[in-house]
2 protein chains.
Amino acid sequence: MRLSTRGRYGLKAMFQLALHYGEGPIPLNTIASEHDLSENYLEQLVSALRKAGLLNSVRGAQGGYMLAKDPKDITVGNILRVLEGDIAPADCVIDDTSGCDKEEGCVTKLVWMRIRDSINEVIDSISLQDMVDEQNKLLNNKA
Amino acid sequence: MRLSTRGRYGLKAMFQLALHYGEGPIPLNTIASEHDLSENYLEQLVSALRKAGLLNSVRGAQGGYMLAKDPKDITVGNILRVLEGDIAPADCVIDDTSGCDKEEGCVTKLVWMRIRDSINEVIDSISLQDMVDEQNKLLNNKA
DNA sequence: AGAATACCAAGCGATTTAGTTGGAATTAAA
DNA sequence: TTTAATTCCAACTAAATCGCTTGGTATTCT
């Protein structure tokens, strides 16, 4: 039940971009070296996030990436779904079109649904802005 | 973020044993064929559950498996942890001894913790007895 | 004795993961 | 106008994990 590195690296990258929201494009190598990640690998993740409309890019020297929307309008759920697909503990509860045969009266399915819903509730309720605020709170407590 | 077949098959098997709690040992092939699973594979899962103290076994002809405790005293969490290990979206939040370097003030870690906690809350709150009750409710509604 | 079971350990093909490689296109700066 | 910095893209690959299978031994009821 672990997330893959796609979701984990991706959220870190998006969070860092949120910290610098409004400061113009930030190049990938900055983000990659800061978190000690492969720049080429990160590129794949960022590419998906751009195609999903969560990031904008500026090509060429002095280019880079920036959030496509305000951090308060991007949730952890938005990011994870782009990188990991729908979050669900079993295929039969991904959406309403999926499901197995016996279906009706499958009690284990109810369990998977409850797990799914509780995860989604958490990831959809946390925005990048929430994370930035949390970060500032942590820094203030230290100072 | 899917559970593996270990967790999914294992819960199904345990649920079936809960439906027949108190009726003596049930052989593996019964469970396997009922759910269309490989008996040999299921054997591995059941073996782990037995070693973890959730199942008892009776060897020899007319033998089989049965729950080691009352269904109300076995939770979905008990079962999934035996078969899948600790449930957490990232390694750094498995327990208190794990974690990365930067650690202090890692906001993404807080996100993983909230996901972890919400999953655990669900799986620890559902017992096999709850599932049996749910099953009966479904059957009554149909009748 | 024979059949029905649990128990055990090793192997194994397919799939997924976590990247790497090698480039082409674009743009700012020198 | 060249050069360096960057995004963009597609294909490849080593390693790990998953989902079993195989082949046996031990035990117990009939």
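Below, all heavy atoms of this structure are taken into account, side chains as well, without hydrogens, waters or symmetry copies. These figures come from a predicted structure and were not determined experimentally. Here is how names work: the chains are called A, B, and so on, in the same order as the sequence lines, proteins then strands, and each is numbered from 1.
Rounded to an integer number of Å, the gap from CG of A:L37 to C1' of C:dT20 is 15 Å. Regarding A:L28, its CG atom lies at a distance of 11 Å from the C1' atom of D:dC8, rounded to whole Å. Atom CZ in A:R2 sits about 17 Å away from atom C1' in C:dA18, given to the nearest Å. Rounding to whole angstrom units, CG of residue A:N56 and P of D:dC8 are separated by 10 Å. Taking atom CG of B:L42 as the reference point, atom P of C:dT5 lies 15 Å away to the nearest angstrom. To the nearest angstrom, C1' of C:dA18 lies 15 Å from NZ of A:K12. Look at CG on A:D36: it is 11 Å from P on C:dG19, rounded to the nearest Å.
Scanning all heavy atoms of the two residues, the minimum distance from A:R114 to B:S125 falls at NH2-OG, 3.8 Å. Across all non-hydrogen atoms, the minimal contact from B:A90 to B:W112 is CB-CD1, 3.7 Å. Nearest heavy-atom pair, A:L45 versus A:T5, reported as atom, atom and distance to 0.1 Å: CD1-O, 4.4 Å. In terms of heavy atoms, B:I87 sits closest to B:L80 at CD1-CB, 4.4 Å.
For the atom pair A:L11 CG and A:M131 CE, the distance stands at 4.5 Å (nearest 0.5 Å).
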**Item:** Summary of protein contacts for nucleotides 10-23 of chain D, nucleotide by nucleotide, where a base hit scores B, a sugar-phosphate-only hit scores S (4.0 Å, heavy atoms)
**Value:** -B-------SBBB-
**Request:** Indicate for each nucleotide in nucleotides 25-30 of chain D, in 5' to 3' sequence, whether protein heavy atoms under 4.0 Å reach the base (B), only the sugar-phosphate (S), or nothing (-).
**Result:** -BBBB-
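Using a 4.0 Å heavy-atom distance criterion, A:S47 is classed as making no nucleic acid contact.
Proximity of A:S57 to the phosphate of D:dT6: no side-chain N or O atom is located under 4.0 Å from OP1 or OP2. At least one side-chain nitrogen or oxygen of B:N29 sits closer than 4.0 Å to the OP1 or OP2 atom of C:dT5.
Taking 4.5 Å as the limit, some side-chain heavy atom of B:R6 sits within range of a side-chain heavy atom of B:Y41.
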Extract all donor-acceptor atom pairs below 3.5 Å that involve side chains of residues 48-73 of chain B and protein atoms in other chains or at least two apart in sequence.
from	atom 1	to	atom 2	distance (Å)
B:D70	OD1	B:K72	N	2.9

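Other residues, nucleotides and ligands place no more than 12 heavy atoms under 6.0 Å from the CD atom of B:E121.
Side-chain heavy atoms closer than 4.5 Å link hydrophobic residues (I, L, V, M, F, W, Y) into clusters, and following such links, even through other members, never connects A:I94 to B:L3.
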